[in-house]
Amino acid sequence: MSKGILTVISGFSGAGKGTVVKKLLEKSDDFCLSISMTTRDPRPGEEDGVSYFFVTKEKFEETIAANGLIEYAQFAGNYYGTPRKYVEEKLAEGKNVILEIEMQGARNIRKLYPDSLMLFITPPTADELERRLRSRGTETEEKIRARLSRAYEESEGIDLYDFIIINDDLDKCVSDVFESIETAKRQPVRNEDFIGDLKKGLEKFHKA
Ligand code: 5GP
């Protein structure tokens, strides 16, 4: 019935977005995830071309200049951006494309793709966010502080999003994300072709 939907998933660093997205992709073949480009160093276990495309600052800036990104932003001292080609191709194929990006990028996507669905994932409390960031054990104290401070700034922009989704229980969070996407697909604004066909079929019953 409906065409593919572009879903932006944002959330505080440490909210568990990565795990939620991974589980969401396992739920249906209709979803595909855009792999971002970044200048940050890989964390242990992260693979180039799987978690991110890890590049130098020079390469990132070249890609910006070549119009190769649909959006990009700076976060905690590094560049992050969404490669254009993959997203445009997958949307044209009718796939549901997921972007896991921060708020500045989300704002740009909202302008470029007004029909996109914007979801914001958060732990239930600020203290829980701090606990999760620390338990990751991969970041220095300075980086943790930068991420918490950024979280405060982001908390002021949450109005941008269509739905807030609390990640307390992982399975519940994944099914809430799934439901939000399914609900969005049924909105008239995302079903113009279907409504057009319906109208055409009804014309014959309409008295002039
Ligand atoms: P991390 O370093 O923890 O992997 O990511 C830091 C932040 O950058 C997260 O909020 C993540 O969602 C965001 N991010 C990842 N890829 C992109 C991207 O392509 N564009 C933007 N704007 N943000 C991104």
Side-chain angles (χ1 to χ4, degrees), residues 6-25 32-57 59-64 66-88 90-91 97-113 116-123 126 129-158 160-161 164-165 167 173 177:
L6 180 63
T7 300
V8 169
I9 298 188
S10 298
F12 304 126
S13 180
K17 295 176 302 256
T19 317
V20 170
V21 168
K22 200 166 155 255
K23 288 221 153 204
L24 186 70
L25 294 174
C32 56
L33 174 69
S34 158
I35 299 172
S36 296
M37 187 177 270
T38 185
T39 58
R40 93 151 154 70
D41 293 332
R43 294 190 187 119
E46 284 185 336
E47 260 180 73
D48 186 40
V50 179
S51 315
Y52 282 104
F53 296 107
F54 295 100
V55 299
T56 59
K57 192 163 174 263
K59 168 78 183 159
F60 198 100
E61 287 172 348
E62 271 172 31
T63 312
I64 298 173
N67 200 23
L69 302 173
I70 51 175
E71 64 72 36
Y72 68 92
Q74 290 213 23
F75 185 96
N78 285 297
Y79 276 128
Y80 295 81
T82 304
R84 177 181 303 282
K85 194 163 172 271
Y86 180 85
V87 173
E88 290 182 348
K90 292 293 167 187
L91 285 177
V97 180
I98 311 280
L99 304 184
E100 194 217 308
I101 62 176
E102 54 68 70
M103 193 172 276
Q104 214 178 307
R107 224 171 257 127
N108 291 330
I109 292 295
R110 184 60 123 190
K111 281 187 217 137
L112 272 175
Y113 297 91
S116 54
L117 173 70
M118 319 280 283
L119 307 179
F120 193 88
I121 298 184
T122 172
L129 176 66
E130 183 186 6
R131 197 193 61 75
R132 288 189 199 172
L133 269 176
R134 291 193 184 285
S135 70
R136 198 147 73 175
T138 53
E139 244 98 5
T140 60
E141 179 64 23
E142 192 193 346
K143 291 217 164 134
I144 290 172
R145 296 229 147 257
R147 279 165 188 262
L148 285 168
S149 162
R150 174 73 174 226
Y152 172 75
E153 287 163 24
E154 290 195 334
S155 70
E156 297 198 319
I158 295 181
L160 170 73
Y161 293 85
I164 294 173
I165 297 180
N167 185 10
C173 179
V177 170

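For ligands, and for the atoms within them, numbers begin at 1 and follow the listed sequence. Since the model is a prediction, treat every value here as computed from it, not as a measurement. Side chains included, hydrogens not; waters and symmetry mates left out as well; all remaining heavy atoms used.
Put simply, the side chain of Val21 reaches to within 4.5 Å of the side chain of Ile9, judged on heavy atoms.
For the atom pair Leu160 CG and Ile109 CD1, the distance stands at 11.0 Å (nearest 0.5 Å).
Judged as a ring pair (Phe, Tyr, Trp, His ring centres under 6.0 Å), and not counting sequence neighbours, the contacts of Phe120 are Phe12, Tyr161.
Every protein residue with a heavy atom nearer than 4.0 Å to ligand 1 is included here: Lys17, Ser36, Arg40, Arg43, Tyr52, Glu71, Ala73, Phe75, Tyr80, Gly81, Thr82, Glu100, Ile101, Glu102, Gly105, Arg147.
Between Ala15 and Thr122 the shortest heavy-atom distance is CB-CA, 4.2 Å.
Ion pairing between a basic and an acidic side chain is recognised when a charged N comes within 4.0 Å of a carboxylate O; Glu71 and Arg107 show no such pairing. Salt-bridge formation is not detected for the pair Arg147/Glu130: no Lys NZ or Arg NE/NH1/NH2 atom is positioned less than 4.0 Å from an Asp or Glu carboxylate oxygen.
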